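Nothing here was measured: the structure is a model prediction, and the numbers come from that model.
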Amino acid sequence: PTLSNPSSIRTITAAYAHCNDLYSLRMKDIRASHLEGAILNAQVGDSTKSRMKSLFNMMYKYAVAHDIVDKDYASVMFTNGNPIKKEPLKEAVPFSQEEILLLWDNYSAINFADMVLVGIYSGWRPQELAILKIKDIDLENDTMLGGLKTDAGKNRIVPIHPLIKPLIENRMKEAVSLHSEYLFNDSNGQQGIHITYDKYRNRFEKVMKCLKLNHRPHETRHTFITKAKACNVDEYTLKLIVGHAIVDITEKVYTHRTIEQLKAEIVKISK
């Protein structure tokens, strides 16, 4: 149940690939020193080492629950201090109005610039945008269904902003011609190749390079939220659109926000 989406599966699979020191050991023979050694000896960056530690935590949670081991050695790793240095979080920088207009001026000439614009006007997380399926896009009612990560984020409805509807329509036509179930694809002859998050990031970086811009993939989502707040989009409607948890019990339980209300709020965001 922990690995509830493709992104989580890729993350854990990648972490496991660097646990060579543990492959030959039985679970009941592994000790904290083995786990620490695997992390310290891995020739990877701090973020991957942190994922390895998360993997060990999940493995022992399962192993203890099913009586495979008697003790959770993952919980006592690095008792003298965790050597995994957390990189400081970089502040998210939203796209400026000039940069957004630059994307509009070039989206037809630069492949996947349209995908960046869809992210800016919808608030999808990059990995959510990458796996949008055409069956979950309703052009008649101007809605998209998708989402990952949290209970509030899963299976949420996002209105299609009128500005990006033509971009989505074009991608849907392309997906049909490529016999693909996904909105965004790499084309390889007559076949469509699903855009994974890694591919999304690669395409995103190419667009940034072409336009001489300096942004990271998740900053499209940050831009949407920033623009929505600047345009006085209703706070709780915004949370529903981007998949943030609503704490206010009255709003969460008693307020029923219709699709038309969501649409009315999202169109407050202008080009």
query: If you measure only the distance, is there a donor-acceptor pair under 3.5 Å linking the side chains of D21 and N41?
result: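 A pair is found: one side chain offers a donor N or O, the other an acceptor, under 3.5 Å apart.
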
- prompt: So, H215 versus E99: side-chain donor-acceptor pair below 3.5 Å or not?
  reply: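 Looking only at side-chain atoms, E99 and H215 do form a donor-acceptor pair, the distance falling under 3.5 Å.
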
Considering all heavy atoms, the nearest [X]-[Y] contact:
X: T223; Y: P94; value: OG1-CA, 3.3 Å
X: L163; Y: S270; value: CD1-C, 4.1 Å
X: L139; Y: K165; value: O-NZ, 3.1 Å
X: V76; Y: A32; value: CG2-CB, 4.1 Å
X: N57; Y: A74; value: OD1-CB, 3.4 Å
X: Y200; Y: P126; value: CE2-CB, 3.6 Å

Look up atom [atom1] in [X] and atom [atom2] in [Y], then write down how far apart they are to the nearest 0.5 Å.
X: K229; Y: K268; atom1: NZ; atom2: NZ; value: 14.5 Å
X: L213; Y: E98; atom1: CG; atom2: CD; value: 11.0 Å
X: T13; Y: R51; atom1: OG1; atom2: CZ; value: 12.0 Å
X: I110; Y: R203; atom1: CD1; atom2: CZ; value: 14.5 Å
X: E181; Y: L132; atom1: CD; atom2: CG; value: 12.0 Å
X: D234; Y: N232; atom1: CG; atom2: CG; value: 10.5 Å

If we ignore hydrogens and angles and just use 3.5 Å, is the side chain of [X] paired with the main-chain N or O of [Y] as donor and acceptor?
X: E219; Y: A92; answer: no
X: T48; Y: V44; answer: no
X: S54; Y: S50; answer: yes
X: N141; Y: T143; answer: no
X: H161; Y: I269; answer: yes
X: K71; Y: V64; answer: no
X: N106; Y: A109; answer: no
X: N185; Y: Y182; answer: yes
X: E36; Y: S33; answer: no

Using a strict threshold of under 4.0 Å (side-chain N to carboxylate O), is an ion pair present between [Y] and [X]?
X: K49; Y: D46; result: no
X: D29; Y: R26; result: yes
X: K209; Y: E205; result: no

Is any side-chain heavy atom of [Y] closer than 4.5 Å to one of [X]?
X: I241; Y: L262; value: yes
X: L238; Y: F224; value: yes
X: I137; Y: M172; value: yes
X: Y73; Y: L35; value: yes
X: H34; Y: L22; value: yes
X: L183; Y: D136; value: no
X: T220; Y: W124; value: no
X: K53; Y: M77; value: yes

message: Check for me whether R171 meets the cation-pi criterion with F112, that is, NZ or CZ under 6.0 Å from the six-membered ring centre and within 45 degrees of the ring axis.
response: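 The answer is yes, since R171 meets both limits relative to F112.
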
Side-chain heavy atoms under 4.5 angstrom apart, residues restricted to Ile, Leu, Val, Met, Phe, Trp, Tyr: same cluster for [X] and [Y]?
X: M52; Y: M27; result: yes
X: L101; Y: L103; result: no
X: V242; Y: V93; result: no

task: Could you give me the CA-CA distance, side-chain angles and deciding distance for V158 and R156, then say whether side chain to side chain contact (heavy atoms under 4.5 Å, CB included) is met?
output: CA-CA 6 Å; V158 174; R156 68 184 190 273; 4.1 Å; yes

- prompt: Would you say the ring centroid of F56 lies under 6.0 angstrom from that of Y16?
  reply: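 No, ring centres 6.0 Å or more apart.
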
- prompt: When the aromatic ring centroids of W104 and F95 are compared, is their separation below 6.0 Å?
  reply: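 Aromatic pair excluded; centres sit 6.0 Å or further apart.
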
- request: Would you please test I266 and V233 for side chain to side chain contact (heavy atoms under 4.5 Å, CB included) and show each step?
  value: CA-CA 7 Å; I266 204 169; V233 169; over 6 Å; no

task: Evaluate side chain to side chain contact (heavy atoms under 4.5 Å, CB included) for K227 paired with I100, printing each intermediate quantity in order.
output: CA-CA 11 Å; K227 286 174 70 68; I100 294 173; 3.9 Å; yes

- request: Check the pair K199 / D186 against side chain to side chain contact (heavy atoms under 4.5 Å, CB included), numbers first and verdict last.
  value: CA-CA 9 Å; K199 288 182 178 179; D186 270 346; 4.1 Å; yes

